[in-house]
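Report on the following structure.
Reckoned from all heavy atoms, side chains included, excluding hydrogens, waters and symmetry mates.
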Amino acid sequence: MPKSAELTAARKDSFPGVLELLTHAVESVGGAERAGQVEMADAVGRAIRTGEHLAVQAGTGTGKSLAYLVPAIRHAVEKGTTVVVSTATIALQRQLVDRDLPRLAKALKKPLGREPTFAILKGRRNYLCLHRLDTGAPEEPEDQGLFDPFAVSRMGKEVKRLHEWSSDTETGDRDELVPGVSDQAWRQVSVSARECLGVSRCPIGTDCFAERARGEAGRADVVVTNHALLAIDALQGYQVLPEHDLVIIDEAHELVDRVTSVATAELTSAMVSTAGRRCGKLIDADVADRLMEASDGLALVLDDLPSGRMDSLPQALKGALPAVRDAAHTCLSSLGSDRKDDGADEATARKLARTLLEEIHDTAVRLLEAFDEDQAHRPDVVWLSGDPYSSNPRPPALHVAPLSVAGLLRERVFGATTTVLTSATLALGGTFDTLARQWGLPPSQAAERKSDPGTATEKAAPSDKQTIRWTGLDVGSPFDHRKNGILYMAKHLPTPGRDGLAERTLDEIAELIDAAGGRTLGLFSSMRAAKQATEELRDRIKHPILCQGDDSTSLLVRKFSEDPRTCLFGTLSLWQGVDVPGPSLQLVLVDRLPFPRPDDPVSSARQRAVEARGGNGFLTVAATHAALLLAQGVGRLHRSTSDRGVVAILDSRLANARYGGFLRASLPPFWPTTDPEVARAALRRLDAAAPA
C-alpha cells in the first residue's frame with residue numbers, strides 16, 4: 001500500500017501546516033522556537049508549494065535542521081513521496097540520522113497520523129561486498145605500497161579483521177567499523193557500482209548490504225545521503241537515489257567542490273597494466289599485450305614530465321595517450337558483452353576487466369579532447385601529480401577535472417527537482433549571486449507570491465520559455481555578533497610571505513594568547529605554518545599548545561575543549577570541523593587569508609578561464625574561495641548565544657587591500673578594530689570574567 005493511502009480524505013483536508021508542526025516539534029524536543037527558524041521553515045514550505053528553488057543562509061544556532069526537516073517530512077507524508085537530504089560531512093549525516101530524525105519522527109507521529117521513516121544511503125563502495133569477501137579480490141598490486149612487506153602484513157591483518165566484522169555487522173557500512181581500516185584494505189572487500197555484478201547475477205545478491213540500504217531508502221520518507229552520491233546520481237546514466245521531488249542540500253557551501261571531485265578522472269600506468277592483467281585470461285594474449293605495451297610507454301612519458309597544470313598537450317603524450325585509448329578499445333571489443341553461460345567467477349572477472357577498461361578508455365579520450373578549445377571555452381583542466389622526491393612518494397598520475405559544474409547542476413539537479421540549499425555561509429560579499437553562478441543559477445530574482453498560499457500547489461504550469469527561478473534568504477543568527485565579538489585586523493603587520501611566519505607576526509600571536517589566558521584556536525594556511533608557530537611559541541608562552549598531527553584530530557579537540565588554558569593550532573580541517581562552545585575558545589587566530597595555492601591546478605585554470613572571457617579571475621575564483629573559508633573559520637568563535645571573544649586576522653590585506661571589503665562583507669557583523677590594544681584589553685577582560 002502506498003504511503004499516501006494511509007491518510008484518509010478527511011485527514012488530508014485537515015493536514016497540519018508547517019508552522020503548526022514546527023511549534024509542536026520544538027516543544028516536543030524541549031527546544032525554544034527562534035525567529036530565524038520560523039522564517040526558514042515558512043520559506044522552505046513555500047518553495048515546496050511553488051517549486052521555486054531556495055537558498056537559505058542560516059547562522060549557527062538558528063536550528064536550521066528542524067527548519068528544513070519539518071516541512072520536508074510534512075511533504076513526504078502528505079504526498080507519499082521521498083525527500084532527499086544531502087550533506088557534505090559524515091558528522092552532519094550522523095547528527096541527522098542518530099539524533100535529529102529519530103526525535104523528530106517520534107514528535108510528529110501524532111499530528112501526522114503515523115511515524116515518519118528515514119534511512120541513510122551512501123555509495124556502493126561504502127558497503128562491504130559479501131561476494132568480494134567470499135571470492136577474494138583479484139591478486140594484483142594496485143600501487144607501490146603493496147610491495148612493502150610491512151604494508152602487506154598490516155593490510156592482511158586489516159582484511160582478517162574485516163572478515164571477522166562481516167559476521168557481526170548488520171549494515172556493512174564502513175563508517176560503523178571502529179577503529180577503521182586503510183583504503184587499501186577496504187578495496188579488497190568492496191566494489192564500485194560499475195564493478196558490481198548486480199543483484200540478479202550475484203550468488204549472494206539477496207544478502208547484499210548495499211541493496212538492503214537501497215531498499216530501505218526506497219521505502220523511507222527522508223533519505224540522508226552525501227554530496228558525492230548526489231553528484232553520482234546526476235552524472236551517471238542510471239538512477240542511484242530513489243525517486244524524489246525535493247532535494248535539500250545542507251552544507252551547500254561545499255557542493256561545488258564535492259561535485260568537482262566526483263567529476264574528476266585519473267589515469268596512471270598502473271591502472272593500464274592492471275587492466276591488462278585482468279583481461280589477460282579472457283581475451284587473445286596478443287591483444288592484451290598491446291595494452292601492457294601502452295602501459296609501459298605511458299610510464300616512460302609520465303616519469304619524464306614535470307608535475308603541475310598542463311596548458312597544452314605535451315608532444316610525448318600525443319603518442320602515448322592515443323596508444324592507451326586504442327589498446328583499451330581493442331580489448332573491450334575482444335572482451336565482448338556478458339555471456340549467459342558464464343559462472344559467477346567468470347562473470348565477476350569479465351565485469352572487473354570491462355569496468356577498468358572503460359574507465360581508462362573514457363579518461364584517455366577526455367584527456368585528449370581537453371585541449372581542443374581555446375582557453376576561454378575549455379571544459380576541463382589537466383594536470384600531472386606525483387613527486388618521487390617527497391617523503392611519501394607516489395607514482396605520477398594524470399588528472400582531468402571540469403572547469404565548471406554549473407551546467408551539470410543546472411540541468412541535472414535544479415532542472416529535475418525542487419532544491420533547497422542551506423548553510424551558515426552562502427552570502428559572499430553580501431550577495432548570494434557569487435555562489436549562485438557556480439551552481440548554475442541565474443542572477444537572483446524575487447519570488448512571486450500567489451494569491452492563495454493555502455492551495456495544494458502553487459507551481460507554475462510548464463512552459464517552453466520557463467527559466468530556473470530561485471530566491472535567496474538570509475534568516476540571520478541568534479548571536480549578537482557586534483556585542484559579543486570583535487574582528488581585529490592587524491593592519492600594521494607585514495604582508496605574509498612565502499618564508500614562513502614573520503617574527504612580528506609570532507610576537508603578535510604570543511601577546512594575544514597571553515591576553516586571552518590560552519583559550520585560542522589558531523587556524524593556519526598550511527601545516528608548515530602551524531608547526532612553526534607551535535615550535536616557536538611553546539617556549540615563549542606559559543599555556544600548553546596542541547598541534548594538529550600530534551594525535552587524532554578528535555582527541556586534540558576534546559583536550560582543547562576540556563582545558564580552557566590550552567591552545568590548538570592546525571590547518572584546513574579545523575577551519576570547519578571544530579565546535580567548542582564556552583570559555584575554552586575565546587580567541588580565533590587566522591595567520592593569513594586562505595587564498596588557494598597559486599599552483600592549484602583547478603582554481604588557477606578557472607581563474608585563467610574567467611580572465612580569458614574578460615572577467616576578473618581573482619575576485620571570481622580566488623577571493624570567493626578565501627571568503628568562503630574565512631567565513632567558516634571565524635564562525636568557530638560563536639557556537640552558543642553566550643560565547644564571547646575576538647577573531648584576530650593577522651593578514652593586513654584584509655584591512656588594506658581593495659578586495660578587503662568583499663571579504664569583510666562575507667563575515668559575521670563583528671565589531672571591527674585595527675587597534676591591537678583594544679583586542680588585547682577585551683581578551684584580558686574575558687579571561688578575568690571566565691570561570692576558574
Not counting sequence neighbours, which residues clear ring pair (Phe, Tyr, Trp, His ring centres under 6.0 Å) with [X]? List them please.
X: F209; result: none
X: H253; result: none
X: Y127; result: none
X: W383; result: H399

### Query
Can you list the steps and then say if Q548 with S573 is a side-chain hydrogen bond (donor to acceptor under 3.5 Å, both in side chains)?
CA-CA 9 Å; Q548 191 175 4; S573 63; 2.6 Å; yes
List for me each residue that meets side chain to side chain contact (heavy atoms under 4.5 Å, CB included) alongside [X], sequence neighbours excluded, and say none if there are none.
X: S525; value: D591, R592
X: A265; value: T363, R366, V400
X: D514; value: I541, H543
X: R504; value: H492, L493, P494

Heavy-atom pair with the smallest gap, counting every atom of [X] and [Y]:
X: L593; Y: L654; answer: CD1-N, 4.0 Å
X: A424; Y: G59; answer: CB-CA, 4.2 Å
X: F670; Y: H481; answer: CE2-CD2, 3.7 Å
X: I248; Y: A72; answer: CD1-CB, 3.6 Å
X: Q37; Y: T62; answer: CB-O, 3.3 Å
X: V240; Y: L121; answer: O-CD2, 4.0 Å

Under a 4.5 Å cut-off applied to non-hydrogen side-chain atoms, are [X] and [Y] in contact?
X: K64; Y: Q57; value: no
X: R653; Y: P496; value: yes
X: L66; Y: D100; value: no
X: L512; Y: L650; value: yes
X: L568; Y: T566; value: no
X: L96; Y: I120; value: no
X: V84; Y: T225; value: yes
X: L255; Y: W439; value: yes

Is a donor on one side and an acceptor on the other found under 3.5 Å between the side chain of [X] and the backbone of [Y]?
X: S526; Y: A529; answer: yes
X: E176; Y: T169; answer: no
X: H227; Y: V256; answer: no
X: S261; Y: D257; answer: no
X: R258; Y: A252; answer: no
X: R174; Y: V181; answer: yes
X: R132; Y: C129; answer: no
X: R565; Y: G517; answer: yes
X: T422; Y: V56; answer: yes
X: W575; Y: F524; answer: yes

#### Entry: CG on L241 to CG on D233, rounded to 0.5 Å
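With rounding to 0.5 Å, CG (D233) is 4.0 Å from CG (L241).
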#### Entry: Spacing of I486 atom CD1 and L686 atom CG [to the nearest 0.5 Å]
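The CD1 atom of I486 sits 7.5 Å away from the CG atom of L686.
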Under a 3.5 Å threshold, yes or no: a donor from one side chain and an acceptor from the other, between [X] and [Y]?
X: Q632; Y: T425; value: yes
X: T89; Y: E251; value: yes
X: R99; Y: S65; value: no

Quick check on [X]: does its [atom1] atom have over 12 non-hydrogen neighbours (other residues, nucleotides or ligands) under 6.0 Å away?
X: I90; atom1: CD1; answer: no
X: R528; atom1: CZ; answer: no
X: E170; atom1: CD; answer: no

Between [X] and [Y], does any side-chain N to carboxylate O distance fall below 4.0 Å?
X: R636; Y: D643; value: no
X: R538; Y: D550; value: yes
X: E511; Y: R540; value: no
X: K122; Y: D175; value: yes

### Task
Starting from the C-alpha separation in whole Å, work towards a yes-or-no answer on side chain to side chain contact (heavy atoms under 4.5 Å, CB included) for Q93 and N226.
CA-CA 8 Å; Q93 275 190 5; N226 54 54; 3.3 Å; yes
### Query
Does T264 have any side chain to side chain donor-acceptor pair (under 3.5 Å) partners at least two apart in sequence or in another chain, and if so, which?
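Applying side chain to side chain donor-acceptor pair (under 3.5 Å) to T264 gives none.
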### Query
For T534, what residues pass the side chain to side chain donor-acceptor pair (under 3.5 Å) criterion, not counting sequence neighbours?
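By the side chain to side chain donor-acceptor pair (under 3.5 Å) rule, T534 matches no residue at all.
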### Task
Go through R94 and V97 one step at a time and tell me if the side chain to side chain contact (heavy atoms under 4.5 Å, CB included) criterion holds.
CA-CA 5 Å; R94 294 259 63 95; V97 173; 4.1 Å; yes
### Message
What verdict does the side chain to side chain contact (heavy atoms under 4.5 Å, CB included) test give for D551 and K559, after you've listed the backbone C-alpha separation in whole Å, the side-chain angles of each residue and the deciding distance to 0.1 Å?
### Response
CA-CA 11 Å; D551 209 323; K559 287 181 179 178; 4.3 Å; yes
Solution key, residues 579-589 side-chain donor-acceptor pairs under 3.5 Å, sequence neighbours excluded:
residue	atom	partner	partner atom	Å
D579	OD1	R639	NE	3.1
S584	OG	S561	O	2.6

#### Entry: Residue pairs fulfilling ring pair (Phe, Tyr, Trp, His ring centres under 6.0 Å) with at least one residue in residues 159-194, sequence neighbours excluded
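Output for this query is empty, none listed.
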### Message
side chain to side chain contact (heavy atoms under 4.5 Å, CB included) for L629 and L572? Distances and angles first, verdict last.
### Response
CA-CA 9 Å; L629 196 51; L572 192 59; 3.6 Å; yes
### Task
Could you walk me through whether R34 and T641 pass side-chain hydrogen bond (donor to acceptor under 3.5 Å, both in side chains), step by step?
CA-CA 12 Å; R34 300 152 192 165; T641 54; over 6 Å; no
